[in-house]
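Here the structure is a predicted model, which is why all the values come from computation and not from measurement.
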Number of protein chains: 2
Amino acid sequence: MSKEIDAVEWRSVCPMCSALDVIGDRWSLLIVRDLLIHGKRTYSDFLAFPEKISTNILASRLDLLTRLKLIERINPKGNARNNAFQLTESGKALRTVLEGLGKWAHTHLRDFHGGIAKIS
Amino acid sequence: MSKEIDAVEWRSVCPMCSALDVIGDRWSLLIVRDLLIHGKRTYSDFLAFPEKISTNILASRLDLLTRLKLIERINPKGNARNNAFQLTESGKALRTVLEGLGKWAHTHLRDFHGGIAKIS
DNA sequence: CCGCATCCGTTACGATACTG
DNA sequence: CAGTATCGTAACGGATGCGG
């Protein structure tokens, strides 16, 4: 049976809010982060996150990010096995935002976080 | 009975991930957005969001953001009534991130969003 | 094995009613 | 006005199954 996942529901016309409608969750940007660092990643690469994403969440995020064209399969027609994902131009455009977030956390979350690491 | 809200649970030592542990949800950054624009806002100002945040979510976010020192009450010892919030330095430091997010959405989410508006 | 989908218990969210 | 209590719903998270 074909999976039918609903479209994103936009809460308002504010672009910032629309960004949060899409990537305002705890996992989507971590997937983008990994792709920014490594260029391409497979399903099992993502599963090896130190943050331990579960399989159903990963699958749904990959699907959503694909439909929004932030990521894409490297070999769209190929077999799913060992097929990797990479960022589209839209996904790559998140680099400065992600870097800004990381720097912000590194500077301003220090006092609340015992073992915060260097910026990766 | 006194409200006891747990601390943030940090998934990893990655700063970017820690940022998402804190503001990786659909509402926190919208509160920051409003404070960046208006300087200070009351509880009812936030409730007037076009995105329609509900009262319990708003209260819990304001509490969390306060404990993380991203926002603070203007008159900490005063009565709650008509008491407004403003950003701390940590909160203000999110401006560039927020602006980046807005620009990104405006550019890359156009095709998926019927009525996306100008950058506010 | 790898890439998911499914089941299921738990947690977060969201709408609404209510209190000081 | 500024929250809190309640409760139904949706999302999450872990375990497991299953096709290729």
Side-chain angles (χ1 to χ4, degrees), chain A residues 1-12 17 20-31 34 40-67 71-86, chain B residues 1-12 17 20-31 34 40-67 71-86:
Chain A
M1 193 182 306
S2 70
K3 282 262 304 275
E4 188 59 44
I5 307 184
D6 326 72
V8 177
E9 299 231 351
W10 308 101
R11 287 175 292 174
S12 79
C17 179
L20 295 174
D21 287 334
V22 173
I23 52 179
D25 71 281
R26 291 153 51 80
W27 292 111
S28 299
L29 284 181
L30 289 187
I31 293 173
D34 230 46
K40 58 177 183 173
R41 298 261 94 178
T42 66
Y43 188 90
S44 10
D45 289 333
F46 294 126
L47 280 185
F49 274 175
E51 295 91 4
K52 300 190 188 308
I53 189 171
S54 60
T55 60
N56 51 352
I57 305 294
L58 175 58
S60 75
R61 294 301 159 205
L62 289 177
D63 179 75
L64 179 64
L65 293 176
T66 301
R67 284 186 294 120
I71 66 177
E72 61 192 359
R73 286 184 183 279
I74 290 179
N75 191 355
K77 299 300 176 193
N79 195 299
R81 193 184 181 89
N82 287 336
N83 200 346
F85 293 86
Q86 63 188 358
Chain B
M1 193 181 304
S2 70
K3 280 263 301 275
E4 187 60 44
I5 307 185
D6 325 75
V8 177
E9 299 232 351
W10 309 100
R11 286 174 291 174
S12 79
C17 179
L20 294 173
D21 287 335
V22 173
I23 52 177
D25 72 279
R26 292 154 50 79
W27 292 112
S28 299
L29 284 182
L30 289 186
I31 292 173
D34 231 46
K40 58 176 183 175
R41 299 259 94 179
T42 65
Y43 188 90
S44 13
D45 290 334
F46 294 125
L47 280 185
F49 274 175
E51 295 90 6
K52 301 192 187 307
I53 190 171
S54 61
T55 59
N56 51 352
I57 305 294
L58 175 58
S60 75
R61 294 300 159 202
L62 289 176
D63 179 74
L64 179 63
L65 294 176
T66 300
R67 285 185 294 122
I71 66 175
E72 62 192 357
R73 286 185 182 279
I74 291 179
N75 192 355
K77 299 300 176 194
N79 193 299
R81 194 183 182 87
N82 285 336
N83 200 347
F85 293 85
Q86 64 188 358

If you apply the rule side chain to side chain contact (heavy atoms under 4.5 Å, CB included), what do you find for B:Ser28 with B:Leu65, and how did you get there? CA-CA 8 Å; B:Ser28 299; B:Leu65 294 176; 4.3 Å; yes

Only distances under 3.5 Å count here; give the side-chain donor-acceptor pairs of residues 71-82 of chain B to other protein atoms, sequence neighbours excluded, each with its distance to 0.1 Å.
residue : atom : partner : partner atom : Å
B:Glu72 : OE2  : B:Gln86 : NE2          : 3.2
B:Asn75 : OD1  : B:Gly78 : N            : 3.4
B:Asn79 : OD1  : B:Arg81 : N            : 2.8

Set out, in order, the CA-CA distance, both residues' side-chain angles and the distance that settles side chain to side chain contact (heavy atoms under 4.5 Å, CB included) for A:Arg61 and A:Leu30, then state yes or no. CA-CA 10 Å; A:Arg61 294 301 159 205; A:Leu30 289 187; over 6 Å; no

Polar atoms only, N or O, under 3.5 Å: list the protein pairs with nucleotides 10-13 of chain C and their distances.
residue : atom : partner : partner atom : Å
C:dC13  : OP1  : B:Arg61 : NH2          : 2.4
C:dC13  : OP2  : B:Arg61 : NH2          : 2.8

Polar pairs (N or O, both sides) under 3.5 Å between protein and nucleotides 17-20 of chain D?
residue : atom : partner : partner atom : Å
D:dG20  : N2   : A:Arg81 : NH1          : 2.5

Closest heavy-atom contact between A:Arg11 and A:Asp21? NE-OD1, 2.6 Å

When rounded to whole Å, the OH to P distance for the pair B:Tyr43 and C:dT19 reads 16 Å

Please report the shortest heavy-atom distance between B:Ser60 and B:Ile57, naming the atom on each side. OG-O, 3.0 Å

For B:Ile53 and D:dG3, what is the distance between atoms CD1 and P respectively, to the nearest whole Å? 13 Å

Please state whether the phosphate of C:dG3, meaning OP1 or OP2, lies under 4.0 angstrom from any side-chain nitrogen or oxygen of A:Ser44. yes

Salt bridge (charged side-chain N to carboxylate O under 4.0 Å, His left out) partners of residues 42-58 of chain B, not counting sequence neighbours, each pair once: B:Arg33-B:Glu51, B:Arg41-B:Asp45

To the nearest angstrom, how far is B:Asn75 atom CG from D:dC1 atom C1'? 16 Å

Nearest whole Å is fine: how far is D:dG3 P from B:Asn83 CG? 8 Å

Set of side chain to side chain donor-acceptor pair (under 3.5 Å) partners for B:Asn83, sequence neighbours left out: none

Check the pair B:Phe85 / B:Ile31 against side chain to side chain contact (heavy atoms under 4.5 Å, CB included), numbers first and verdict last. CA-CA 10 Å; B:Phe85 293 85; B:Ile31 292 173; over 6 Å; no

Between CD of A:Glu51 and P of D:dC12 the distance, given in whole Å, is 16 Å

Residues in side chain to side chain donor-acceptor pair (under 3.5 Å) contact with A:Thr55, at least two apart in sequence or another chain: none

Between C1' on D:dG3 and CG on B:Leu62, what's the gap in Å once rounded to a whole number? 10 Å

Selected nucleotide, minimal atom distance to B:Ala59 side chain, candidates D:dC1, D:dG3, C:dG3: D:dG3

Could you state the CG-P distance from A:Leu47 to C:dA5, rounded to the nearest angstrom? 13 Å

Any donor-acceptor N/O pair under 3.5 Å between D:dT4 base and B:Thr55 side chain: yes

Any idea which of D:dA2, C:dC4, C:dG3 is nearest the A:Phe85 side chain? C:dC4

Using a 4.0 Å heavy-atom cut-off, does A:Arg73 contact any base of the nucleic acid, only the sugar-phosphate backbone, or nothing at all? sugar-phosphate

Within this structure, what is the CG-to-C1' distance between A:Asp63 and D:dA11, rounded to whole angstrom? 16 Å

